[in-house]
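Letters A, B, ... are given to chains in the order of the sequence lines, protein chains preceding strands, and every chain is numbered from 1. Values in this document were obtained by computation on a predicted structure and should not be read as measured data.
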Amino acid sequence: MKELLRTLISKGLADCYADGSLSSGQFPSIVMETPAHAEHGDFATNVAMLLAKAEKKAPRMVADTLVRHFTDEAGICEKVEIAGPGFINFHLKDAAWRKSLLDIDRLAGDYGKSAVGGGRKIQVEFVSANPTGPLHIGHGRGAALGDTICRLLAFSGWDVTREFYYNDAGQQIANLALSVQARCLGKGPEDPSWPTDGYQGEYIIDVARAYMAGEKVDADDQHVVAAGDPLDLEAIRRFAVAFLRREQDQDLTAFDVHFNVYSLESDLYKDGTVDMVVRRLVESGHTFEQDDALWLRTTSFGDDKDRVMRKSGGGYTYFVPDVAYHLRKWERGFTRVVNEQGADHHSTITRVRAGLQALGAGIPAGWPEYVLHQMVTVLRGGEEVKISKRAGSYVTLRDLIDEVGRDATRFFFVMRKPDSQLVFDIDLAKQKSLDNPVYYVQYAHARICSIFENAAEKGFAVPDAGSVDLDRLTEPEEMALIKAIAAFPEVVEGSAANFEPHRVANYLQEVAGLFHGFYNKNRVITEDSQLTSARLFLLQCVALTLKNALTLLGISAPEKM
RNA sequence: GCGCCUGUGGCUCAGUUGGAUAGAGCAACGGACUUCUAAUCCGUAGGUCAGAGGUUCGAAUCCUCUCAGGCGCGCCA
């Protein structure tokens, strides 16, 4: 609808230039927006105001010329008027809006899908937690955001690869192996020989016990049988990594989050990618030696200080494999890559991009793209839960799913824009009350299903598109619902383009609210069978819009509650 | 000190990428169940959009500065 008006207006603009009534020859991109106030119509555009300066005419004059050259080919406009400083407001016929229900009904599960991605490849890397412990609440936010972004992109016609990258070889993993080994030998954190920076969490004991028992572990692409030898540190390392990866996978599966590809940092060393990248960086002339270390002149690419690549004691800093990994992503054909991470890792962005630029591989300066989410704080019983990873005292994703439920957890995580800090009030999320938006939205869907069931008992079925008389839908609540669900594709588009899942969450609350309002004022099942049919048809469209939107968030659309 | 993010009714947050009179929910107050789920709805009240400048037809939105909070600033990841 919006698109149609946009083409009609630009056609009219072309006509204005053709007959000389306008002369600047400019074609500004036409913004068609939904006005905040109903009296301003269904859609409005500001082109006249944008053209006014170039035309050296008053905006309202330009608008007048445009309106006179506007032809409503599809016959959808009730009236077109000029208002305010020079807006052109379009009031659409109710009949035109009603007809949009036919498209919604026809598309059903595909309603809201688009082809903007054109089947092009895009990769989304998210979670990417190191296998040193269970996933915590911050990973949960990343998982919910990343997964929803993937769903949005896939729905928008992108060929999405979901990727998880983890460090299975660095210093942190060495500490992990030492911690597990200490537990194998029956030591605790209070023991004088407990490793410095060791992981103290209880879960380490579980890993040690499984290792000593010779258990077998399957996780992503790893299959490891415990050697059971407490002196074999390398065997312990491999087992611990696989064990904790499996734990994470189980949590992610419970959260309905799945990946296509797992990438290991160790592979980048094994297959020579890291060495190759270092060699190419040295050849690029952007490196220098100082204090026995090798540095990359990242300040040439916008960093505030240069960064060490190879430490004086040997070994690379973490950002070197990061650059290597991203070079591989580029070579794998991903001209678009999105990395979803916690904002505490913000500083890596400049470094990774600087490294890629220094390689001179023809990678655009703004590649890859990033979605950073701010910190999550947890409230339980009105008190903030302090987290300490080393001491093992923190709220895990698993705790949340078990306690709050998957649907509510996912909704809470994507409800706010990634840029804002999130206070996760566990008590609130658990409540089955008005405070809890998840139930509000799901209840709307369940309520509609309940109406269908009731209608069936009374002999009313949802009619098919051919036999319904949509002109019976005339109530303001009905029109408001129709307009709201007709906007769904635009919401998906904006949400996907900006990597902002919260837009879908807000939209759901809006549609649910309109439905509840309609429900309380109007009866669906009445003596008037034509009206009943029309309303059932409308509600079917509302229900499937709710369901499609909920599915994008990875949340169920229950038929009963 | 430097970089990034945030600052919108008492609380939690939206705000269609610069549009018209800034919107929801919670909390407060007053109403609506012999009716398809009251896990709902309707109404009332509540605002110097942190502050000051600037950009223009027009700013919560863009620029500069100030203030407040969070995160980061390692030859850790």
Side-chain angles (χ1 to χ4, degrees), chain A residues 31-37 39-40 44-46 49-50 52-53 58-59 83-87 89 130 132 167 170-173 197 265 290-295 302-305 307-319 321-322 342-350 372-375 377 415-421 423 425 428 431-440 442-444 446-455 457-458 460 487 490-491 494 497-498 502-503 505-507 509-510 512-513 515-526 532 535 539 560-561:
Chain A
V31 178
M32 193 64 69
E33 53 175 23
T34 310
H37 302 279
E39 65 267 31
H40 294 142
T45 182
N46 62 350
M49 287 180 283
L50 295 177
K53 191 168 249 179
F87 289 102
N89 293 340
N130 283 341
T132 53
N167 171 353
Q171 190 53 45
Q172 291 188 6
I173 299 298
D197 297 329
E265 186 185 16
Q290 187 183 306
D291 304 332
D292 294 325
L294 179 67
W295 297 66
D303 204 351
D304 54 357
K305 55 181 87 160
R307 305 291 168 176
V308 169
M309 292 170 57
R310 192 179 55 231
K311 305 177 226 176
S312 54
Y316 298 114
T317 56
Y318 74 94
F319 97 91
D322 270 4
D344 53 339
H345 286 235
H346 173 262
S347 54
T348 63
I349 297 177
T350 320
L372 300 176
H373 64 260
Q374 295 292 326
M375 299 291 100
T377 47
M415 199 163 58
R416 309 279 180 241
K417 62 181 167 210
D419 279 341
S420 357
Q421 286 171 235
V423 178
D425 187 332
L428 177 69
Q431 278 179 40
K432 304 199 170 182
S433 73
L434 328 180
D435 300 349
N436 199 334
V438 195
Y439 290 96
Y440 183 80
Q442 290 184 319
Y443 182 51
R447 217 174 200 185
I448 293 173
C449 293
S450 168
I451 292 171
F452 289 159
E453 201 170 301
N454 220 284
E457 280 170 23
K458 290 177 179 155
F460 290 107
E490 291 157 33
V491 173
N498 295 285
H502 73 280
R503 297 191 190 203
N506 289 335
Y507 174 74
Q509 294 182 76
E510 182 197 329
F515 163 70
H516 289 308
F518 161 80
Y519 174 91
N520 273 274
K521 202 165 167 197
N522 305 284
R523 276 197 75 74
V524 176
I525 303 163
T526 63
T532 302
R535 286 185 170 164
L539 291 195
K560 267 194 165 54
M561 285 175 77

Examine distances only and state if a side-chain atom of A/Trp295 and a backbone atom of A/Met309 form a donor-acceptor pair shorter than 3.5 Å. no

Now, which nucleotide makes the Watson-Crick or G-U wobble pair with B/A32, with each of the two distances under 3.5 Å? B/U40

Looking only at heavy atoms, the pair that brings A/Leu539 and A/Phe452 closest together is C-CZ, 3.9 Å

Return the 5'-most residue of the pair A/Trp295, A/Met32 with respect to RNA chain B, ranking by each residue's nearest nucleotide. A/Met32

Closest to the A/Lys311 side chain: B/U16, B/G70, B/C75? B/C75

Where the side chain of A/Asn520 is defined as all heavy atoms beyond and including C-beta, which of B/A20, B/C13, B/C41 is the nearest nucleotide? B/C41

Looking across every strand, which nucleic acid part, if any, lies under 4.0 Å from A/Asp291 by heavy atom: base, sugar-phosphate, or nothing? base

Could you check whether A/Ala83 gets within reach of a base, just the sugar-phosphate, or nothing at all, counting any heavy atom under 4.0 Å? base

Would you say the base of B/A20 stacks on A/His40 (centre-to-centre below 5.5 Å, plane angle below 30°)? yes

Would A/Phe87 pass as stacked on B/G19, i.e. its ring centre under 5.5 Å from the base's six-membered ring centre and planes under 30° apart? no

Separation of atom OH in A/Tyr507 from atom P in B/C13, rounded to whole Å: 24 Å

Report yes if at least one side-chain N or O of A/Lys305 is closer than 4.0 Å to OP1 or OP2 of B/G74; otherwise report no. yes

Is it the case that B/C75 (base atoms only) and A/Thr317 (side chain only) share a donor and an acceptor within less than 3.5 Å, ignoring hydrogens and angles? no

Whole angstrom is fine here: how far is it from CD in A/Gln374 over to P in B/G72? 10 Å

Mark yes or no for whether A/Asn46, through its side chain, and A/Met49, through its backbone, hold a donor-acceptor pair below 3.5 Å. no

With a 3.5 Å distance limit and no angle check, can you tell me whether A/His345 reaches the backbone of A/Leu372 through a side-chain donor-acceptor pair? no

Please check this pair: side chain of A/Arg535 against backbone of A/Arg523, looking for a donor-acceptor N/O pair closer than 3.5 Å. yes

Indicate, with a heavy-atom threshold strictly under 4.0 Å, whether A/Ser420 touches base, sugar-phosphate, or nothing. sugar-phosphate

Is there a Watson-Crick or G-U wobble partner for B/C13 with both distances under 3.5 Å, and if so, which one is it? B/G23

Phosphate-side-chain proximity, A/Lys417 and B/G15, N/O vs OP1/OP2 below 4.0 Å: yes

B/A60 and B/A52, which share atom name C1', separated by this distance in whole Å: 16 Å

Are any of A/Tyr519's side-chain N or O atoms less than 4.0 Å away from OP1 or OP2 of B/A38? yes

base_contact_polar (B/A39 base, A/Tyr439 side chain, donor-acceptor, <3.5 Å): no

Heavy atoms only, 4.0 Å cut-off, all strands: where does A/Ala487 land among base, sugar-phosphate and nothing? nothing

For the residue pair A/Phe515 and A/Phe518, categorise the inter-ring angle as parallel (less than 30°), tilted (30 to 60°) or perpendicular (more than 60°). tilted

Have a look at A/Asn454 and say if it touches a base, only the backbone sugar-phosphate, or nothing, with a 4.0 Å heavy-atom cut-off. sugar-phosphate

Under a 3.5 Å cut-off for both distances, is B/C73 Watson-Crick or wobble paired, and to whom? B/G1

Looking for any heavy atom pair under 4.0 Å, which part of the strands does A/His516 touch: base, sugar-phosphate only, or nothing? sugar-phosphate

What does A/Arg310 touch in the nucleic acid at a heavy-atom separation under 4.0 angstrom: a base, only the sugar-phosphate, or nothing? nothing

Could you give the CG-to-P distance, from A/Asn89 to B/G19, as a whole number of Å? 15 Å

Does any N or O in the side chain of A/Thr532 come within less than 3.5 Å of the main-chain N or O of A/Ile525, such that one atom is a donor and the other an acceptor? no

Given the P atoms of B/A38 and B/C71, what is the spacing between them in whole Å? 45 Å

Distance below 4.0 Å between A/Arg447 side-chain N/O and B/A38 OP1 or OP2: yes

When you compare B/U8 with B/G74, how far apart are their P atoms, in angstrom units rounded to a whole number? 31 Å

Taking syn as within 90° of 0 and anti otherwise, name the glycosidic form of B/C33. syn

Just call it for A/Pro85: base, sugar-phosphate, or nothing, with non-hydrogen atoms closer than 4.0 Å on any strand. base

It should be established whether A/Lys53 places a side-chain nitrogen or oxygen under 4.0 Å from OP1 or OP2 of nucleotide B/C57. yes

Calculate the interatomic distance between A/Asp304 atom CG and B/G72 atom P; express it in whole Å. 15 Å

P gap between B/G69 and B/C26, integer Å: 32 Å

Shortest non-hydrogen contact from A/Phe460 to A/Thr526? CZ-O, 3.8 Å

Which of the following nucleotides, B/G19, B/A77, B/C71, is nearest to the side chain of A/Asp344? B/C71

Please state the C1' separation for the pair B/C13 and B/G30 - nearest whole angstrom. 26 Å

Which part of the nucleic acid, if any, lies within contact of A/Ala44, taking any heavy atom under 4.0 Å across all strands shown: a base, the sugar-phosphate backbone alone, or nothing? base

Any-strand Watson-Crick or G-U partner of B/C65, both distances under 3.5 Å: B/G51

Check the distance between B/G58's C1' and A/Met49's CE and give it to me in whole angstrom. 8 Å

Side-chain donor or acceptor of A/Asn46 under 3.5 Å from a matching atom on the base of B/A20? no

Rounded to whole Å, how long is the line connecting atom NE2 of A/His373 with atom P of B/C5? 16 Å

Would you mind classifying the nucleic acid contact of A/Glu457 as base, sugar-phosphate or nothing, using non-hydrogen atoms under 4.0 angstrom? nothing

Residues that A/Val423 engages under side chain to side chain contact (heavy atoms under 4.5 Å, CB included), provided they are two or more places apart: A/Thr377, A/Leu379

Does A/Arg523 reach a base, just sugar-phosphate, or nothing at all? Heavy atoms under 4.0 Å. base

Can you tell me the distance, in whole Å, between the CG atom of A/Leu372 and the P atom of B/C4? 13 Å

Between A/Ser312 (side chain) and A/Ala293 (backbone), is there a donor-acceptor pair under 3.5 Å? no

Within this structure, what is the CG-to-P distance between A/Leu294 and B/C75, rounded to whole angstrom? 13 Å

B/U21 and B/C49: how far apart are their C1' atoms, nearest whole angstrom? 15 Å

Nearest to side-chain heavy atoms of A/Gln172, which nucleotide of B/U12, B/C41, B/A77: B/A77

In whole Å, measure the gap between the C1' atoms of B/G51 and B/C67 for me. 7 Å

Nearest-angstrom distance, P atom, B/A59 to B/U16: 16 Å

For A/His345, which contact category applies under a 4.0 Å heavy-atom criterion: base, sugar-phosphate, or nothing? base

Of the listed nucleotides B/G3, B/A20, B/A14, the one nearest the side chain of A/His502: B/A14

For A/Ile451 and for A/Val31, locate the closest nucleotide of RNA chain B by heavy-atom distance; then report the residue assigned to the nucleotide nearer the 5' terminus. A/Val31

